[in-house]
Number of protein chains: 2
Amino acid sequence: MYCLLKCAPLILAVAVCHGWLFGDFVEKQKELDEISLWPLPQKFQSSAVAFKLSPASFQIVHAKQSSAGPSCSILVNAFRRYFEYMFGDLKKHEKSRNKVYDSDLVELQVWITSADPQCDGYPSLQSDESYELSVDKPSAVLKAANVWGALRGLETFSQLVYKDDYGANNINKTEISDFPRFAHRGILLDSSRHFLPLKVILANLEAMAMNKFNVFHWHIVDDPSFPYMSRTFPDLSQKGAYHPFTHVYTPSDVKMVIEFARMRGIRVIPEFDTPGHTQSWGNGIKDLLTPCYSGSSPSGTFGPVNPILNSSYDFMTQFFKEISTVFPDAYIHLGGDEVDFSCWKSNPDIQKFMAQQGFGTDYSKLESFYIQRLLDIVTATKKGYMVWQEVFDNGVKLKDDTVVEVWIGNKMEEELQNVTGAGFTTILSAPWYLDYISYGQDWQRYYKVEPLNFPGTDAQKKLVIGGEACLWGEYVDATNLTPRLWPRASAVAERLWSDKSVTDVGNAYNRLAQHRCRMVRRGIPAEPLFVGHCRQEYMGL
Amino acid sequence: MYCLLKCAPLILAVAVCHGWLFGDFVEKQKELDEISLWPLPQKFQSSAVAFKLSPASFQIVHAKQSSAGPSCSILVNAFRRYFEYMFGDLKKHEKSRNKVYDSDLVELQVWITSADPQCDGYPSLQSDESYELSVDKPSAVLKAANVWGALRGLETFSQLVYKDDYGANNINKTEISDFPRFAHRGILLDSSRHFLPLKVILANLEAMAMNKFNVFHWHIVDDPSFPYMSRTFPDLSQKGAYHPFTHVYTPSDVKMVIEFARMRGIRVIPEFDTPGHTQSWGNGIKDLLTPCYSGSSPSGTFGPVNPILNSSYDFMTQFFKEISTVFPDAYIHLGGDEVDFSCWKSNPDIQKFMAQQGFGTDYSKLESFYIQRLLDIVTATKKGYMVWQEVFDNGVKLKDDTVVEVWIGNKMEEELQNVTGAGFTTILSAPWYLDYISYGQDWQRYYKVEPLNFPGTDAQKKLVIGGEACLWGEYVDATNLTPRLWPRASAVAERLWSDKSVTDVGNAYNRLAQHRCRMVRRGIPAEPLFVGHCRQEYMGL
């Protein structure tokens, strides 16, 4: 079906398996070696026949038959972006050459085949990201049902272009048919433990697109700070952010993140985690958090959201109404993890409520009581929701389309079995907590994970729609986040995009080492895998 | 003698211990909190009496009595540098104010007391880095025997300046008498496993000065690449660097590093490690490395420097003659670590030589034979040398002024006891291998090390002249080196500068968190210690 890499050490040598004709293999080796696709496409054929691309005349154009045209800003922006990745700044290469040589590739035609190219839409869980790419002279053709597949194909095309010994741009004759193995391929960033300037978030969205990630799970608020500026409740950030002006995301900032992500086929799923992880919420909203008691009097500290007051639910109703309009994605992440019961236990009003409800001393019942009402509130906004695994574990009644995120490393297989056994859609992040750094090539550990390696039926396996690499914010901020995330997250990217059989770590090393140099060349300070060098080292700082 | 921080949670609250008078303590708390000296000075008194500094009129000047003047470029450059750190770009603050208010600090007078200020010299192991700083109106006075102490005092002065609630620059009445606990306080960077662009090295020299480090141990070449461009043997980098033009340090680059370091009171000690760690040398110098054998014929691979050929010693003589002139420091690091004997063992010529010399099968004798001759060669250049501990362990005869670097973590105390027991000067790097990253606040582990905590006499303890934080290059390059080094190396900086009794981790956390924000403000992407924020986040990427 597709050519496994095991048949030859060089990625382009896969052509051998298909018996394509090509000549001087040894001499070409160096050039071929330069091409390192990441993540590896599903079906891939290439030959050593190389075409030349002249920045002065090469064009990325809408195919005549395409349903998209110059008004499709997602494509127009992507054409510019990939042209710059391939050839550098446009201005330096004013069109100046009309003669076309026999060995030239003169254009890439992008052909959107469905009636609605989705130029003005947002990517979704259902988006079709598949594409077909044919590189042959005089034109290469990239075919996709809509813009989302075209974006992935443009990335692949840009990865195929390499410089020969003379510095000339080359691309080999290639046929690719590609699609993602999993529909949800996410990165979690945490902007609460450290505030992440907009610039950092945008740079990482760029890097995500280079790795075909399609979900930005924005863990935007948490205990330490509340940087999301709410129109409905401005006091949340005014009193809950590290600083009310410099360390907040304004409505305009949020819009920019969403639009920047949309242009790259990336969904933005915000997480507003409750009832725990909400210390910073309490600064701006009176009575939202549970007062903790020391003996018979309030201690002055606060616990999770107070689940026994109607005002808490009134607040959540208004708050999530705003969130549901600000974020266009069909899903909101509602958190629900790590609720500490000690404060609830200390509070006499909570104790009374527990007795009234017949919860006994099982505080997970109180947690479920809260979550249940929250889910109803969010359901009324017509949004779907994602939750951390505890919400499922505690037996909360969930809508059929709920996405349960499995994050606890211990007994991960059992949890996947249980969640999918109960018929829920699942994403996996447990093996990919990238904040846990260690000495050496830990990317290999992330790479070797097989997400479907748990006991279950085929139907259960189908419920695992993807995974997320999580970089929690305790130890990262603008100074070190980007190199710590890349290329370690790239290992997860290939696991979630490429075929299950793509597991050769040695081959992955070679491609990934070059892919990280490509990211560096494109301005992303992706750290090295091991000893070695890039032709162009990072020149930021 | 000096006021320990334990007496109060705030650093400036030490004033309490001395009974200085000051007023509204509680109201001043926030301001006081802003000041975080790092590393902590030896003797320190401060009060809450604050003076204001106006960038429009404040000046750093040579004291009338000073032996240094406007021609002293080390000081003139330092004045500019610290003025910019404190007040930002000079151009924005054209002098425009003549009126002096009663609460103003109008100038810092820098008074070099010795006849020779050493303006044109290089720092050395013997340099006097002590200084006295008195901040009182209308002038502050910084007194030091020579420029090296003045540089340290300027850093301290700049750390004392803080902004009040109105954004105005303040400094509190302060008396400091300071000197380093250890004379050798180094950072090792490795430019062979990854090439480090000049910009990265210079940025880290800047950060070193902010932390009062005074030795850049430049592990410039090693197995993977030879980026040092030698005038005598250009083939070394031509054939041994990752790239002969883009990944090399030209003579001009090396000069710049040395001069940039000199301006900051930092010695540059290059390491040219032999006989092992020399694979990259072999590309440019014929017959330098030992041919390894597979059975009775050469395998095509090479081992350590060939110790049985006169040509090896002829090469070393010429090579180190060049090195001794290029690098002004009195010391060269000659390496000598981790020699792998397997290749020597395989080679019949080596075997024959071993028999002739009566070495039996003890290859450490052969290693010592080589090192002994090398040391004689380097001694002839009038340089002193540093070596890794194996050279001592193997019983090589060393000059009295040899500095032995203890790097093996296992049995470190025993090694310190042995090396100092034999009368040799020692530096310690074993507990400070910063390349070994782990999750969490590992800076605390580095901070808690007590270098003199080994069995030995007072005379032995005196032989430990300092230590080095080592960031080996397997996993770092321009993309991630700086945030990985800082502020983790700052922990080592305080251990090596401040008094032995400065060990309160909680107090260190508070000061270091602010010190790292100061580094960020000065353009160094120093990573966070833990959850929190800086007033100005890093705005690079």
Side-chain angles (χ1 to χ4, degrees), chain A residues 190 192-200 202-204 222-225 227 241-243 246-247 433 435-442 472-484 486-487 516-517 519-520 523-541, chain B residues 190 192-200 202-204 222-225 227 241-243 246-247 433 435-442 472-484 486-487 516-517 519-520 523-541:
Chain A
D190 166 1
S192 173
R193 290 180 176 85
H194 286 97
F195 178 76
L196 303 175
L198 206 58
K199 197 171 165 181
V200 173
L202 301 187
N204 280 282
D222 204 299
D223 285 327
S225 75
Y242 282 129
H243 187 283
T246 60
H247 288 62
Y433 267 39
D435 47 320
Y436 292 120
I437 55 168
S438 60
Y439 183 73
Q441 298 196 40
D442 57 1
W472 294 97
E474 280 84 353
Y475 298 102
V476 290
D477 70 0
T479 63
N480 62 346
L481 184 146
T482 310
R484 188 162 292 185
W486 309 103
R516 94 97 186 173
C517 286
M519 288 192 275
V520 167
I524 303 295
E527 67 179 21
L529 294 178
F530 193 54
V531 175
H533 75 292
C534 296
R535 268 206 250 180
Q536 293 175 30
E537 301 293 351
Y538 185 63
M539 283 300 161
L541 178 55
Chain B
D190 166 3
S192 173
R193 291 180 176 86
H194 287 98
F195 178 76
L196 302 175
L198 205 57
K199 197 172 164 180
V200 173
L202 301 187
N204 281 281
D222 202 302
D223 284 328
S225 76
Y242 282 131
H243 188 282
T246 60
H247 287 62
Y433 267 41
D435 48 320
Y436 292 121
I437 55 168
S438 59
Y439 183 73
Q441 297 196 42
D442 57 1
W472 294 97
E474 280 84 352
Y475 298 102
V476 290
D477 70 0
T479 62
N480 62 346
L481 184 145
T482 311
R484 189 162 291 187
W486 308 103
R516 93 99 185 173
C517 286
M519 288 193 273
V520 167
I524 303 296
E527 68 178 22
L529 294 177
F530 193 52
V531 175
H533 75 293
C534 296
R535 269 206 251 179
Q536 293 175 31
E537 301 293 351
Y538 185 63
M539 283 297 161
L541 178 55

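Atoms considered below: every heavy atom in the structure, side chains included; atoms not considered: hydrogens, waters and symmetry mates. Chain A is the first sequence line, chain B the second, and so forth, proteins listed ahead of strands; every chain is numbered from 1.
- Both the backbone and the side chain of His194(B) come within contact range of chain A, with heavy atoms under 4.5 Å apart.
- No salt bridge links Glu527(B) with Arg516(B); every basic N to acidic carboxylate O contact stays at or beyond 4.0 Å.
- The candidate from His533(A), Arg193(A), Arg484(A) with the greatest count of non-hydrogen atom pairs under 4.5 Å with chain B is His533(A).
- Note that the CG atom of Asp190(B) and the CG atom of Leu481(B) stand 9.5 Å from one another [nearest 0.5 Å].
- A side-chain donor from one of Thr482(B) and Asn204(B) sits under 3.5 Å from a side-chain acceptor of the other.
- Only the backbone of Leu529(B) comes within less than 4.5 Å of a heavy atom in chain A; its side chain stays farther off.
- Residue Gln536(B): no heavy atom, backbone or side chain, is found under 4.5 Å from chain A.
- Note on Tyr436(B), Tyr439(B), Phe195(B): by heavy-atom pairs under 4.5 Å with chain A, the leading option is Tyr439(B).
- Ring pair Trp472(B)/Tyr433(B) is tilted by interplanar angle, where 30° to 60° counts as tilted.
- In summary, the side chains of Asp477(B) and Thr479(B) do present a donor paired with an acceptor at a separation below 3.5 Å, with no hydrogens or angles considered.
- Residue contact with chain A, scored on non-hydrogen atoms closer than 4.5 Å, involves the backbone and the side chain of Asp435(B) alike.
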